[in-house]
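Take a look at the structure below.
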Number of protein chains: 2
Amino acid sequence: MSRLDRSLIAGLPPFEGMAPADLDRMLAQARSQRIAKDEAVFEQEDAAHAFFLLLDGHVRVIKTTPDGQQVIVRYISPGELLGIAHALGRTTYPASAVAAVDCVVLAWPGHLWPEFAAAFPNFGANTYKTVGSRLQDTQTRVVEMATEQVERRVAHALLRLIDQTGRKTEDGILIDFPISRQDIAEMTGTTLHTVSRLLTAWEDQGLVKSGRQKVAVTEPHHLQLLAEGRLPKS
Amino acid sequence: MSRLDRSLIAGLPPFEGMAPADLDRMLAQARSQRIAKDEAVFEQEDAAHAFFLLLDGHVRVIKTTPDGQQVIVRYISPGELLGIAHALGRTTYPASAVAAVDCVVLAWPGHLWPEFAAAFPNFGANTYKTVGSRLQDTQTRVVEMATEQVERRVAHALLRLIDQTGRKTEDGILIDFPISRQDIAEMTGTTLHTVSRLLTAWEDQGLVKSGRQKVAVTEPHHLQLLAEGRLPKS
DNA sequence: CCGGAACGTTGCGCCGGATCAAACGGCGGC
DNA sequence: GCCGCCGTTTGATCCGGCGCAACGTTCCGG
């Protein structure tokens, strides 16, 4: 197995404030791993044998209900940790993580967590901050689901996506990985039909451009107004 | 100000595994405080100047949207921490906390957090575990909101409440603080009207007994089946 | 080049639950 | 003991969005 270079992770948020030597010590225990599109990084309910850092690609975190319905909990972008169940005292993954495109991750054995948290206090603190802001995000989503109707929820979801992973193109800000109407529906608790209707309506108004597994937002500001519900309905 | 006795907090989950002397050191910096029913422990958006331990009573954590709608994020029971925004690197409270009944809390100045986390590793670890399980709970709630319809959501909410705060009475398991249909509606993202209709329907079937600001579950197992949607609809 | 699968679009009917409206009943204050 | 208020009940109506179904389109493999 090839040696991992420190520059891979130096400067990423989870490692903020760590000494170079400590980065090396962490890397020495990491294993780099390729995950092909549509393959799982880990599966819901499995024993949490490892935690991961996404180096390249995008990952969907999915929860499946007993009756088989799926909900996309969040998308992970490069530089973020995933599968940190161990840090939170859980022994099993609460969701599945699936590669949205071909991905590269670093993997550490889960049992190293307490060791790392103790030896690298900045790493621990950074992680807990992440968990805190994920808790925030999730609570905000509960509020959204409880108070907003579908159109605004979908608008919010798109805005979050372009914020996280947007890439400028001549069509506007493009979501940087293949995403279907079904995916958006699973993020917002609706059906692909409704998402399709919304997107075509928005496309007619020139707010977005979308195609097969692809969405680009041309008028983010206008979409924002829509998301916040201060738009007279045409 | 009167001296706080160690027995107040010894044995509570957040202090699991701490030395008695350390409990005393923490208590020495705490201030005990009474909060009258319907008063706020802290308010959304305020600077997070303190974190709290609920000693007695019950507290509602509420998020309010820009247009004034409210969502009850969770209920806090005695022995739980609240207002721990500081632990998560936030400087402001993301929600309000309102006493559901007369309450007693301990308050610590927020700036002590890093000190405590460093000096009492068990305390820090316990807290992060709590945050982790709250993240879990919240994600589960997102899944519920996205996939279940109102009846099942309300059933789930009641089951969680009796699980957290249930007290046995001759009417069944009673929720241990005053709770209105409006409150339940704000927990589940529906209206008080719908909650009222559901409760009367359930009362007719002998599943619950409810009255003004009071709900008791007489048939938790049956309600559980309903919550899980494996009940032929009558 | 062809055929099939996967993804997307669109029309239609229906229903769960929100909204609006009104009246009731118990509890606390005076 | 009476009054007023707050929480609750119940009815009537309306509509957003889901379910279903059919069709179009792009992509991929053979």
Side-chain angles (χ1 to χ4, degrees), chain A residues 36-38 60 67-71 100-101 144-155 157-158 175 177-205 208-216 226 229 231 233-234, chain B residues 36-38 60 65 67-72 100-101 144-155 157-158 175 177-205 208-216 226 229 231 233-234:
Chain A
K37 179 171 146 93
D38 294 331
R60 273 199 286 286
D67 56 320
Q69 294 187 77
Q70 296 196 331
V71 176
V101 294
E144 255 180 39
M145 302 268 312
T147 63
E148 292 175 3
Q149 48 195 49
V150 172
E151 184 175 40
R152 295 179 53 188
R153 296 210 302 268
V154 174
L158 286 191
I175 295 172
F177 48 83
I179 184 167
S180 68
R181 326 277 140 164
Q182 177 70 34
D183 290 334
I184 298 175
E186 289 178 5
M187 298 180 67
T188 50
T190 180
T191 62
L192 75 164
H193 307 281
T194 300
V195 173
S196 178
R197 286 181 236 272
L198 285 173
L199 284 181
T200 47
W202 291 344
E203 188 135 17
D204 292 347
Q205 302 175 294
V208 305
K209 295 210 177 221
S210 75
R212 196 187 179 79
Q213 309 237 74
K214 139 175 180 305
V215 180
L226 217 162
L231 216 61
K233 72 172 19 185
S234 48
Chain B
K37 178 170 146 92
D38 293 331
R60 274 198 284 285
T65 64
D67 57 319
Q69 295 187 76
Q70 297 197 329
V71 176
I72 297 182
V101 293
E144 256 181 37
M145 301 270 310
T147 62
E148 294 177 0
Q149 47 195 47
V150 174
E151 183 174 39
R152 293 179 56 188
R153 297 210 301 269
V154 174
L158 286 190
I175 295 172
F177 49 82
I179 185 167
S180 69
R181 327 277 141 167
Q182 176 70 33
D183 291 333
I184 299 175
E186 288 178 7
M187 297 180 67
T188 50
T190 180
T191 61
L192 77 166
H193 307 279
T194 300
V195 172
S196 178
R197 286 181 233 270
L198 284 172
L199 284 180
T200 48
W202 290 344
E203 187 136 18
D204 291 348
Q205 301 173 22
V208 305
K209 294 210 177 218
S210 75
R212 195 191 179 77
Q213 309 233 74
K214 140 176 181 304
V215 179
L226 216 161
L231 217 61
K233 74 172 18 186
S234 49

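Numbers restart at 1 for each chain; the letters A, B, ... are given by sequence-line order, proteins then strands. Predicted model only: the values in this text are computed from it and were never measured.
To the nearest 0.5 Å, atoms CD (A/Gln149) and OG1 (A/Thr194) are separated by 11.5 Å. A distance of 9.5 Å separates OG in A/Ser210 from CG in A/Leu158, rounded to the nearest 0.5 Å. Between B/Thr191 atom OG1 and B/Ile184 atom CD1 the span is 12.0 Å, to the nearest 0.5 Å. The line from CE of B/Met187 to CZ of B/Arg153 is 12.0 Å long, rounded to the nearest 0.5 Å. Atom CZ in B/Arg181 sits 13.0 Å away from atom NE2 in B/His193 (nearest 0.5 Å).
Look at A/Thr200 and you won't find any side-chain N or O under 4.0 angstrom from OP1 or OP2 of C/dT9.
As rounded to whole Å, 15 Å separates atom C1' of C/dT9 from atom CD of A/Gln182. Between the P atom of D/dG16 and the CZ atom of A/Arg152 lies a distance of 15 Å, rounded to the nearest Å. Atoms CD1 (A/Ile184) and P (C/dC7) sit 14 Å apart, rounded to a whole Å. B/Gln149 places its CD atom 15 Å from the P atom of D/dG17, with the value rounded to the nearest Å. Here D/dG7 presents its P atom at 17 Å from NZ of B/Lys214, a figure rounded to the nearest Å. When rounded to the nearest whole Å, the span between CD of B/Gln213 and C1' of C/dC27 equals 11 Å. Look at CD on A/Gln69: it is 12 Å from C1' on D/dC18, rounded to the nearest Å. Here C/dT10 presents its P atom at 11 Å from CG of A/Leu199, a figure rounded to the nearest Å.
Side-chain N or O atoms of B/Ser196 include none that pairs as donor or acceptor with a backbone N or O of B/Leu192 at under 3.5 Å.
With hydrogens and angles left out, the side chain of B/Arg212 and the base of C/dC27 share no donor-acceptor pair within 3.5 Å.
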Pairs: protein N or O with nucleotides 18-22 of chain C N or O, under 3.5 Å:
| residue | atom | partner | partner atom | Å |
| --- | --- | --- | --- | --- |
| C/dA18 | OP1 | B/Thr190 | OG1 | 3.0 |
| C/dA18 | OP2 | B/Thr190 | OG1 | 2.9 |
| C/dA18 | OP2 | B/Thr191 | OG1 | 3.3 |
| C/dA18 | OP2 | B/Thr194 | OG1 | 2.5 |
| C/dT19 | O4 | B/Arg197 | NH2 | 3.4 |

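Residue contacts for B/Leu192: at a heavy-atom cut-off of 4.0 Å it reaches a base atom on one of the strands shown.
Nearest heavy-atom pair across B/Ser180 and B/Gln213 is CB-OE1, 3.7 Å.
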